[in-house]
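Have a look at the structure below, then the notes.
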Amino acid sequence: MGVRSGPGGQVLTLDTLVRLGRGLRTPAAPHKLAVPEGMTVPLGCDAVGVPVLLSEQLVSRLPRVGCVYADATHWWWLVPADSDYALQWPTPAQYATGAVVPDAPVVPSLVHRAEGTLPYTPPIPLYLALCRLTGTTPSWSRPVSSAG
């Protein structure tokens with residue numbers, strides 16, 4: 001099945017129309033979150049994106065809040081690199097390796113600066129608080145099945 005582009009014009013197939021539609025959407029360029037001046041990242045830097053409503057609830061549950069960036073839909077919490085090692089961050093959190101925020105229409109703005117020279121929010125308290133808010137069992141507490 002095809003669609004004619006006009007009298008005597010070219011026939012456009014569904015594949016062509018889909019390809020043209022995809023070409024109209026320009027994916028947002030990924031943005032790297034910049035660590036504030038005067039801060040160091042000796043452990044590297046990743047980010048955890050959490051929807052705004054959950055993020056507002058997280059703040060009071062954390063012993064220390066590092067640098068946090070925000071866009072219209074998410075707050076991005078800086079954590080040490082590899083804070084996803086052996087952890088499955090609960091949905092709807094997004095883990096951004098290298099603190100490169102995917103699909104953000106604009107660079108998220110710094111909304112909270114950490115005290116001192118380290119920009120990190122401690123990842124384990126952040127993970128546990130997020131698990132609690134989302135009703136997710138932490139990955140190390142889940143039953144392990146044996147194959148065989």
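Predicted model, so just to flag it, every value in this text is computed and none were measured. Only heavy atoms go into these numbers, but all of them, side chains included; no hydrogens, no water, no symmetry mates.
Counting only distance, with no hydrogens or angles, the side chain of Tyr120 and the backbone of Leu43 share a donor-acceptor pair below 3.5 Å. Put simply, the side chain of Asp82 never gets that close to the backbone of Tyr85: no donor and acceptor are under 3.5 Å apart. For the pair Ser55 (side chain) and Pro51 (backbone), a donor-acceptor distance under 3.5 Å is present. Using a distance-only test at 3.5 Å, with no hydrogens or angles considered, a donor-acceptor pair links the side chain of Tyr69 to the main chain of Ala34. A donor-acceptor distance shorter than 3.5 angstrom exists from the side chain of Trp89 to the backbone of Ser83, with no hydrogens or angles considered. Lys32 places a side-chain N or O within donor-acceptor distance of the main-chain N or O of Gly98, the cut-off being under 3.5 Å.
Between Thr137 and Cys131 the shortest side-chain heavy-atom distance does not fall below 4.5 Å.
Just one residue in the list Leu78, Val68, Leu33, Leu110 forms a side chain to side chain contact (heavy atoms under 4.5 Å, CB included) with Pro119, and that residue is Leu78. A side chain to side chain contact (heavy atoms under 4.5 Å, CB included) with Asp46 is found for exactly one of Val100, Thr97, Val41, namely Thr97.
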Let me see the working for Thr91 and Thr134 under side chain to side chain contact (heavy atoms under 4.5 Å, CB included), right down to the final yes or no. CA-CA 8 Å; Thr91 303; Thr134 60; over 6 Å; no
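Nearest heavy-atom pair across Ala93 and Val48 is CB-CG1, 4.2 Å.
Using cut-offs of 30° and 60° on the angle between ring planes, the pair Tyr127 and Trp140 is tilted.
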